[in-house]
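Below is one structure, written out as structure tokens, with a few remarks after it.
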Amino acid sequence: MSKVNRNNPVRSGASEGLYSLMEFEREYPDDAACLEILVKRLYPNGIHCPRCEKITKHHRETNRPSYACQNCGHHEHPMRGTIFQDSATSLKLWFYAIYLMSSTRCGISAKQLERELGVTYKCAWRMFKQIRSMLDEEGDGPQLSGKVEVDESYYGGKESNKHQQARRSSNRGPVGKTAVWGAVEREGRVLARVMPDTSSFSILSNVRSRIMPRSTVFSDEARIYRNLPRLGYHHERVYHSANIYVSGDAHTNTIEGFWSLTKNGIRGVYHNVSAKYLQNYLNEYAFRFNRRKSLGRHNMFDAFVRRIRKTG
């Protein structure tokens, strides 16, 4: 007879997963548990009472997702100022949506989330939008340094599907496509930003603000990068037009691999993304990419949850 306890399944040590659905269900069984864990993350040192002007003991209120100070009765609402504010959806469903988004590698559609959670499509789309709003790392962490690859790309429909007059290009890129600029450290972080155009002024402004001076920058033969040495960077390039994709240590394969990852994910899961929301989707892919090797004892779900913060 098998010695496995079928009523208490555990994650196999041979599994590449770091956090299974079984573990999620045990840690977040209901709304009360989700709220308690949320409070521990938002108030690691205890809840500060503005009336008492100090950290005091707070008790959970019956039938309300709030806490009351034991001294003065001041009400503290943990969900206020977070992505959960003004939402009537169960907190357990919110955390399950975060689990689904964090456990996939190429994304999950709002339509699939609707089927998984049993909510309306409008509710599922809003939850996705709110969760993605946490993943923007624009102002987080230091600038890129060391060996950095840079490149531009365009997101939109296939050129073969367009009318002839819609295939012309300018400094804004092919008509009907959205320009994106990206940079990635070798074995490190990536950033991707939607650009108004691919002019030298726009691109080099991003290079100077996001890459440390004296870094080695690898690019293709685009003329917009010819002034990088004057800006204090060591510049090496590869000539794709001559079918040269690797020259010694010079290549842009890492950033091009990220473009391929995002485009295949968008094409396969979302099918199409408008320019208005493209940055949010890029933030999600970059967030996962930046933690592919640096999670340590944490998992991707923890990385998502740790982004929950109060604003205002």
> How far apart are the C-alpha atoms of C69 and E76, what are their side-chain angles, what is the distance that settles it, and do they pass the side-chain contact (heavy atoms from CB on, under 4.5 Å) test?
Replying inline: CA-CA 8 Å; C69 175; E76 179 68 20; over 6 Å; no

Cluster overlap [X] with [Y], hydrophobic side-chain contacts below 4.5 Å:
| X | Y | answer |
| --- | --- | --- |
| I47 | L91 | yes |
| L144 | I255 | no |
| Y96 | F128 | yes |
| I83 | V119 | yes |
| M134 | M101 | yes |

> Hey, which of R237, H240, E256 is the one that makes side-chain contact (heavy atoms from CB on, under 4.5 Å) with D220?
Replying inline: H240

> Of V273, L191, V194, which is the lone residue that meets side-chain contact (heavy atoms from CB on, under 4.5 Å) with L282?
Replying inline: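 The passing option is V194.
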
> With under 30° as parallel and over 60° as perpendicular, where do the rings of H251 and F218 fit, or are they tilted in between?
Replying inline: parallel

Can you establish whether the number of heavy atoms outside [X] located under 6.0 Å from its atom [atom1] is more than 12?
| X | atom1 | result |
| --- | --- | --- |
| R230 | CZ | no |
| E53 | CD | no |
| K263 | NZ | yes |
| M212 | CE | no |

Any side-chain donor-acceptor pair under 3.5 Å between [X] and [Y]?
| X | Y | value |
| --- | --- | --- |
| D197 | S202 | yes |
| T252 | E149 | no |
| E137 | N283 | no |
| E152 | T198 | no |
| T56 | Q70 | no |
| E236 | H234 | yes |
| E23 | S20 | yes |
| Y19 | S102 | no |

Do [X] and [Y] have side chains that get closer than 4.5 Å, going by heavy atoms?
| X | Y | answer |
| --- | --- | --- |
| C72 | C49 | yes |
| Y239 | Y245 | no |
| F289 | T262 | no |
| N71 | H58 | no |
| Q85 | Q130 | no |
| R186 | D249 | yes |
| Y121 | L113 | no |
| Q112 | E116 | yes |

Salt-bridge present ([X], [Y]; N to O < 4.0 Å):
| X | Y | answer |
| --- | --- | --- |
| E187 | K147 | no |
| D86 | R126 | no |
| E114 | K111 | yes |

For the atom pair [atom1] ([X]) and [atom2] ([Y]), what is the distance rounded to the nearest 0.5 Å?
| X | Y | atom1 | atom2 | result |
| --- | --- | --- | --- | --- |
| R292 | M300 | CZ | CE | 10.0 Å |
| S219 | I203 | OG | CD1 | 11.0 Å |
| L42 | R309 | CG | CZ | 11.0 Å |
| K40 | L35 | NZ | CG | 11.5 Å |
| E284 | I108 | CD | CD1 | 10.0 Å |
| W181 | S153 | CH2 | OG | 13.5 Å |

Distance-minimising heavy-atom pair for [X] and [Y]:
| X | Y | answer |
| --- | --- | --- |
| M127 | L93 | CE-O, 3.6 Å |
| A97 | I131 | CB-CD1, 4.0 Å |
| S209 | Q143 | O-NE2, 2.6 Å |
| S87 | W94 | OG-NE1, 2.9 Å |
| S109 | V269 | N-CG1, 3.5 Å |

Are the aromatic ring centres of [X] and [Y] under 6.0 angstrom apart?
| X | Y | value |
| --- | --- | --- |
| Y28 | F301 | yes |
| Y43 | Y67 | no |
| Y277 | W125 | yes |
| F304 | F287 | yes |

>> Is the terminal nitrogen or CZ of R267 (NZ for Lys, CZ for Arg) located under 6.0 angstrom from the six-membered ring centre of Y270 and within 45° of that ring's axis?
In response: no

> After noting the C-alpha distance and the side-chain angles of R307 and D136, does the key distance pass the salt bridge (Lys or Arg N to Asp or Glu O under 4.0 Å) rule?
Replying inline: CA-CA 10 Å; R307 299 291 295 186; D136 186 2; over 6 Å; no

>> Applying salt bridge (Lys or Arg N to Asp or Glu O under 4.0 Å) to R226 and E221, what does each step give before you reach the verdict?
In response: CA-CA 8 Å; R226 66 184 183 276; E221 68 272 30; over 6 Å; no

Does any N or O in the side chain of [X] come within less than 3.5 Å of the main-chain N or O of [Y], such that one atom is a donor and the other an acceptor?
| X | Y | result |
| --- | --- | --- |
| N280 | K129 | no |
| E185 | G146 | no |
| S215 | I211 | no |
| R288 | T104 | yes |

> For V207 and L228, what are the C-alpha separation, side-chain angles and deciding distance, and is it a side-chain contact (heavy atoms from CB on, under 4.5 Å)?
Replying inline: CA-CA 9 Å; V207 170; L228 285 178; 3.8 Å; yes

>> Let's go through R193 and V180 carefully: what are the C-alpha distance in whole Å and the side-chain angles of both, what is the deciding distance for side-chain contact (heavy atoms from CB on, under 4.5 Å) to 0.1 Å, and is it a yes or a no?
In response: CA-CA 6 Å; R193 310 306 300 175; V180 176; over 6 Å; no

>> Evaluate E25 against K92 for salt bridge (Lys or Arg N to Asp or Glu O under 4.0 Å), listing each step before the verdict.
In response: CA-CA 10 Å; E25 288 293 343; K92 167 68 180 292; 3.3 Å; yes

> Should E36 and R60 be marked as a side-chain contact (heavy atoms from CB on, under 4.5 Å) after you check the CA-CA gap, both sets of side-chain angles, and the distance that decides it?
Replying inline: CA-CA 9 Å; E36 183 179 351; R60 169 74 190 276; over 6 Å; no

